[in-house]
Amino acid sequence: MMMTLTSDGDLFIAALSQTTVSVWQTDEHGVFCEVDRGIIEEFTRISIRMSTITDEIAFYFRDDGTEFRAET
């Protein structure tokens, strides 16, 4: 089961526990698709910085319809 991480508390717990988080965005048809996966390194009210599964650093905005999900 997947839990959508929306609050600062949700993101903090995922970052602290080093939980793998998947990033979901809508495609051209409005369907949510997984676009990335990794560990949250830092987050603000505006963005989330992740270390991705390919060992790259990625930034995602929290207010552009992007969803962050973790397995529960």
Side-chain angles (χ1 to χ4, degrees):
M1 185 168 140
M2 299 289 274
M3 174 183 167
T4 302
L5 308 175
T6 55
S7 71
D8 287 346
D10 293 340
L11 295 168
F12 179 74
I13 291 169
L16 189 63
S17 64
Q18 298 285 287
T19 300
T20 300
V21 173
S22 57
V23 181
W24 295 73
Q25 295 176 333
T26 54
D27 65 9
E28 63 273 3
H29 304 291
V31 176
F32 272 100
C33 300
E34 184 177 352
V35 297
D36 209 349
R37 185 177 283 255
I39 304 294
I40 296 174
E41 291 190 344
E42 181 180 6
F43 67 91
T44 67
R45 290 184 177 175
I46 298 170
S47 65
I48 294 177
R49 175 185 164 160
M50 295 180 66
S51 175
T52 66
I53 58 173
T54 58
D55 290 328
E56 295 181 14
I57 300 298
F59 289 88
Y60 293 98
F61 290 105
R62 291 176 66 179
D63 65 352
D64 69 353
T66 300
E67 286 189 4
F68 304 93
R69 301 178 186 175
E71 286 192 34
T72 58

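Given the structure is predicted, the values throughout are model-derived calculations rather than measurements. Numbering of residues begins at 1 and proceeds along the displayed sequence.
With hydrophobic clusters built from ILVMFWY side chains whose heavy atoms lie under 4.5 angstrom apart, I48 does not share a cluster with F32. By the rule that hydrophobic residues join a cluster once side-chain heavy atoms approach within less than 4.5 Å of another member, L16 and L5 end up as members of one cluster. Taking hydrophobic clusters as Ile, Leu, Val, Met, Phe, Trp and Tyr residues chained together by side-chain heavy-atom distances below 4.5 Å, I39 does not share a cluster with I53. Criterion: ILVMFWY side-chain heavy atoms under 4.5 Å apart, direct or through other members. Under it, M3 and V23 are part of a common hydrophobic cluster. Criterion: ILVMFWY side-chain heavy atoms under 4.5 Å apart, direct or through other members. Under it, F68 and I57 are not part of a common hydrophobic cluster.
Minimum interatomic distance between E34 and W24 (heavy atoms only, all atoms of both residues): N-CE3, 3.3 Å. A pairwise comparison of heavy atoms in D36 and Y60 identifies OD2-OH, 2.6 Å as the closest pair. Across all non-hydrogen atoms, the minimal contact from S7 to R62 is C-NH2, 4.1 Å. When every heavy atom of R37 is checked against every heavy atom of S22, the shortest pair comes out as NH2-CB, 3.9 Å. Summarising the geometry of M50 relative to V21, their closest heavy-atom pair is CE-O, 3.4 Å, with the distance given to 0.1 Å.
Between T4 and T6, the side chains place no donor N or O within less than 3.5 Å of an acceptor N or O (distance only, hydrogens not considered).
Side-chain contact check for T66 versus F61: every heavy-atom pair is 4.5 Å or farther apart.
Distance check, rounded to the nearest 0.5 Å: OG1 of T20 to CD1 of I40 gives 10.0 Å. A distance of 10.0 Å separates OG1 of T19 from CD of E71, quoted to the nearest 0.5 Å.
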